[in-house]
Every structure is written in C-alpha cells, then in structure tokens.
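Everything numeric in this text was worked out from a predicted model, so none of it was measured.
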Amino acid sequence: MEAATHAIEPQFLSQALAQGTKLRIGQMSKSEHEGIIREIGRYEINIEEKNHIITLLKKDISYISTPAPLILSPPPASVEKTSPPTSGSAEAVSAKPNIQQEFLDKAIRENQVLTIFLITGQRIRATIDAYDNFTVLVQEGGKQHLFYKHAITTINR
C-alpha cells in the first residue's frame, strides 16, 4: 500500500504567488505566457501578463519555469517503505512494482541528468528534484521547472 507523497505543485505555485515571481508558462498548444500569478484555483491559474489577467487551465499547461528555484529543499519524493506483504496474502498477490516511482527515485538518488520530452516536442536535459502524482520538479541551468506529467511523453537516461 502506497503512502501519499507530498504535493509539490501547491507549494511551488504558493511560493510563486507569495514572492511575486515572474513565471514562464508553456501550454500544450505550444503558446507561452510570461506573467505573475494573481490567483490559484483548483483547476486554473490566473496570471497577470502585460496588465491583463489571463486564466490558464492546468490541464492545458505543460510546464511552469522560474528564473531561480522557488523550492529550495523539496520534500522527499519516495513513498514510505513498509514491510512487504506476507506470502499468500491478497496484498502480496496484487502487489506490482511501481516502475515510474522506481525510475524517478533512482534518478533523484543518483542525481542523474535526464532528457525529458514533452507532447509539444520540447526537450530538456535536467535533474529531478522531486515528484508527486501529477508533477515533476526539475533543475536545469539554474532554473527550476515544474512539469505536469500529462505533458510528458518520455523520460530518458
């Protein structure tokens, strides 16, 4: 049974709002916006761009980038390790390895530089700081990026 991981996105967006950080936001349609977060909703983000408020749906966002890290020490990415289920139990029979979790945990542990491919065709080489169920937080060239998993097609070592 997996324990819940720390949600990175709310912490990242709250820090950006509190600090008034100018963000670059890429959408699935390949359009980009630069602005400051003014409001964070469950499904959308309102940003101020050139003195206009724009609402961006989170499901249409592929990444959010900052000029400098917003989260300096992300929470641990891996879930708590529990004792393995006893042989023959229903939990043991249905237990399967979480390949994505194992891959990301190893990348973080070994500080591996990975290539991340987005649906938009964008490619980035970065190290992973943390991840949760919906996002991956990475560092690249002194910048911090929050990628939504729904926008990631492939991650290569």
Side-chain angles (χ1 to χ4, degrees), residues 1-17 19 21 23-34 37 40-45 56-157:
M1 174 71 105
E2 286 186 6
T5 58
H6 235 77
I8 298 166
E9 181 210 33
Q11 183 181 359
F12 184 89
L13 295 176
S14 295
Q15 284 286 28
L17 176 64
Q19 295 177 18
T21 303
L23 302 172
R24 173 166 285 202
I25 301 172
Q27 292 190 278
M28 306 287 249
S29 64
K30 298 185 183 180
S31 63
E32 286 189 336
H33 298 276
E34 277 195 28
I37 293 179
I40 304 164
R42 184 171 181 186
Y43 302 109
E44 72 284 326
I45 302 169
L56 302 172
L57 298 176
K58 291 180 181 179
K59 70 179 184 83
D60 293 335
I61 296 173
S62 57
Y63 68 87
I64 302 173
S65 297
T66 65
L70 287 174
I71 302 175
L72 299 177
S73 56
S78 61
V79 296
E80 288 181 17
K81 303 293 183 208
T82 57
S83 58
T86 57
S87 179
S89 71
E91 198 173 298
V93 172
S94 66
K96 295 180 183 176
N98 184 329
I99 297 168
Q100 180 186 104
Q101 180 183 330
E102 290 174 9
F103 180 91
L104 295 174
D105 283 346
K106 182 176 181 183
I108 292 168
R109 195 173 46 253
E110 296 178 3
N111 201 33
Q112 296 175 346
V113 177
L114 304 174
T115 303
I116 300 170
F117 296 89
L118 301 180
I119 288 174
T120 60
Q122 183 179 0
R123 177 176 53 176
I124 187 168
R125 300 248 324 135
T127 57
I128 296 177
D129 285 340
Y131 67 92
D132 61 23
N133 289 336
F134 304 105
T135 61
V136 179
L137 185 69
V138 305
Q139 292 270 348
E140 176 261 339
K143 295 181 180 179
Q144 196 167 54
H145 308 280
L146 181 76
F147 289 104
Y148 285 87
K149 287 183 177 178
H150 63 247
I152 297 173
T153 61
T154 312
I155 300 177
N156 291 341
R157 287 190 197 166

Original post:
Quick one: CZ on Arg125 to CG on Asn156, what's the gap to the nearest 0.5 Å?
Top reply: 9.0 Å
**OP:** Report the distance from atom CD1 of Ile64 to atom CG of Leu13, rounding to the nearest 0.5 Å.
**Re:** 5.0 Å
**OP:** Check side chain to side chain donor-acceptor pair (under 3.5 Å) between Arg157 and all other residues, then give those that pass, not counting sequence neighbours.
**Re:** Gln112
Original post:
Among all residues two or more places apart in sequence or in another chain, which pass the side chain to side chain contact (heavy atoms under 4.5 Å, CB included) test with Arg24?
Top reply: Glu32, Glu34, Tyr63, Ser65
Subject >> Side chain proximity check, Leu118 to Ile124, heavy atoms < 4.5 angstrom >> reply: no
**OP:** Just jot down the side chain to side chain donor-acceptor pair (under 3.5 Å) partners of Gln27, sequence neighbours excluded, or say none.
**Re:** Ser31, His33
Original post:
Is His150 close to Phe134 at the side-chain level, that is, under 4.5 Å between some pair of heavy atoms?
Top reply: no
Subject >> Residue list, side chain to side chain donor-acceptor pair (under 3.5 Å) with Arg123, at least two apart or on another chain >> reply: none
Subject >> Min side-chain heavy-atom separation Asp129-Ile8 under 4.5 Å >> reply: no
Subject >> Rounded distance (nearest 0.5 Å) linking atom CG of Leu56 with atom CD1 of Ile61 >> reply: 5.0 Å
Subject >> Residues which pass side chain to side chain contact (heavy atoms under 4.5 Å, CB included) with Arg109, listed by chain and number, not counting sequence neighbours >> reply: Asp105, Lys106
Original post:
Please, which pairs that meet salt bridge (Lys or Arg N to Asp or Glu O under 4.0 Å) have at least one residue in residues 58-69, sequence neighbours excluded?
Top reply: Glu9-Lys58
**OP:** Could you grab the distance from atom CZ of Phe117 to atom CD1 of Ile152, nearest 0.5 Å is fine?
**Re:** 12.0 Å
Original post:
Where is the tightest heavy-atom contact between Ile37 and Ala16, given as atom of each residue plus distance?
Top reply: CD1-CB, 4.0 Å
**OP:** Under the side chain to side chain donor-acceptor pair (under 3.5 Å) rule, collect the residues that match up with Thr153, sequence neighbours excluded.
**Re:** none
Original post:
Backbone N or O of Lys30 within a donor-acceptor pair of the Thr120 side chain at under 3.5 Å?
Top reply: no
Original post:
CZ/Arg42 to CD/Glu44 distance, rounded to the nearest 0.5 angstrom?
Top reply: 10.5 Å
**OP:** With sequence neighbours left out, write down each residue that passes side chain to side chain contact (heavy atoms under 4.5 Å, CB included) with Pro69, or none if nothing qualifies.
**Re:** Leu72, Gln139, Gln144
Original post:
For Gln19, which residues count as a side chain to side chain contact (heavy atoms under 4.5 Å, CB included) partner, sequence neighbours excluded?
Top reply: Gln15, Thr21, Leu70
**OP:** Only counting residues at least two apart or in another chain, list the ones meeting ring-ring contact (aromatic ring centres under 6.0 Å, His included) with His145.
**Re:** Phe147
**OP:** Write down the atom of Ser62, the atom of Met28, and the distance for their closest heavy-atom approach.
**Re:** CB-SD, 3.9 Å
Subject >> Rounded distance (nearest 0.5 Å) linking atom CZ of Phe12 with atom CD1 of Ile40 >> reply: 10.5 Å
